[in-house]
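We number each residue from 1, following the sequence as shown.
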Amino acid sequence: MAQSKSLDDYLTEFIEAKEEDIVHAREELKQLREDELTLQRQKQQLLAIHKNLGSIFKLNQDKLDHCRAGLTQIQTNIFDQIHPIVSDIHHQELLVLELTQELQRQQIANDVGYICSKINEDSRLHVEKTEPLWNWYREMREYDQAFKSSRAVRTTDNGEISDCHFFYPSYKDLNSRVQLTFSSRYKNACVHINISRDSSIPPEESYLTYKVFADMAMDGLELEANRTLLRKGCTAQQFVEDIVWPLLGDLG
């Protein structure tokens, strides 16, 4: 009988896949930066051409005046009608070329920004965090992806939707404050929980290190959450099963 994979196995596979994604993203980022450098050089060439257009146009104007002087009246009238149109088309072509180059440069800048943010986001999965909220978020993210992949959302015979420890997890590092939000479902009841901490204050210097809010009145949730988070090795799943779900069940 095949041995089922543990959460650590799934986490290892996920991290290995992310490492490959980061390598590809960095290669793509390198290519984009090379393309951006090429476009910047082309832009400098365009600016140099634009700078010399004044003298070029003056020289051409002198030649045009000389040619125009030798035309008949009818030819002069036709020339005066056509020349401004041709000149305007020439200006528009130069403008289109310049704008196209700028648009390409801006697109590359946007792509670089997206890839950098993606690399930063994925790279955080490889950094050992001492912040319990980050470790909980990583656990929740793995659970949420596995839960969606298994299509475990179903209803029981009595019409209840299957329980789910956490879904829609989100983690934010706001310089001086870290914040974890997630939702949980138990016996058809859902609750959204927000846990945050002032990262500038060491946990041992504050009685209630973590601020906890829920969209339902759950007595004792903040106190129990602080006890759980300050206890090393306690998982997010244990917190939900031992604290959140019993409190949620009492509300039913």
Please check: side-chain N/O of [X] versus main-chain N/O of [Y], any donor-acceptor pairing under 3.5 Å?
X	Y	result
Gln238	Thr235	yes
Glu139	Ala236	yes
Tyr137	Leu180	no
Asp173	Val178	no

Distance from [X] atom [atom1] to [Y] atom [atom2], nearest 0.5 Å?
X	Y	atom1	atom2	answer
Ser196	Arg177	OG	CZ	4.0 Å
Glu241	Gln237	CD	CD	4.5 Å
Asn135	Cys234	CG	SG	12.0 Å

For [X] and [Y], work out which heavy atoms get closest and say how close.
X	Y	value
Leu248	Met218	N-CE, 3.7 Å
Leu221	Ala214	CD2-CB, 3.9 Å
Phe166	Asp144	O-OD1, 4.0 Å
Trp245	Ser184	NE1-OG, 2.9 Å
Ser183	His192	OG-ND1, 2.9 Å
Tyr210	Asn226	N-OD1, 2.7 Å

- Query: Other than Phe167, which residues form its hydrophobic cluster under the rule that side-chain heavy atoms must be closer than 4.5 Å?
  - Reply: Tyr168
- Message: Do Ile243 and Phe213 land in one hydrophobic cluster if side-chain heavy atoms of ILVMFWY residues count as linked below 4.5 Å?
- Response: no
Below 4.5 Å, heavy atoms only, C-beta onward: do [X] and [Y] meet side chain to side chain?
X	Y	value
Gln179	Tyr171	no
Val244	Tyr186	no
Ile195	Leu133	yes
Phe182	Asn194	no

- Message: Assess the residue pair Thr209 and Arg197 against the criterion (side chain to side chain donor-acceptor pair (under 3.5 Å)); give the C-alpha distance rounded to whole Å, side-chain angles, the decisive distance to 0.1 Å, and a yes or no.
- Response: CA-CA 6 Å; Thr209 300; Arg197 181 178 78 83; over 6 Å; no
- Task: State which residues pass side-chain contact (heavy atoms from CB on, under 4.5 Å) with Ala225; sequence neighbours excluded, sorted by chain then number.
- Result: Val212, Phe239
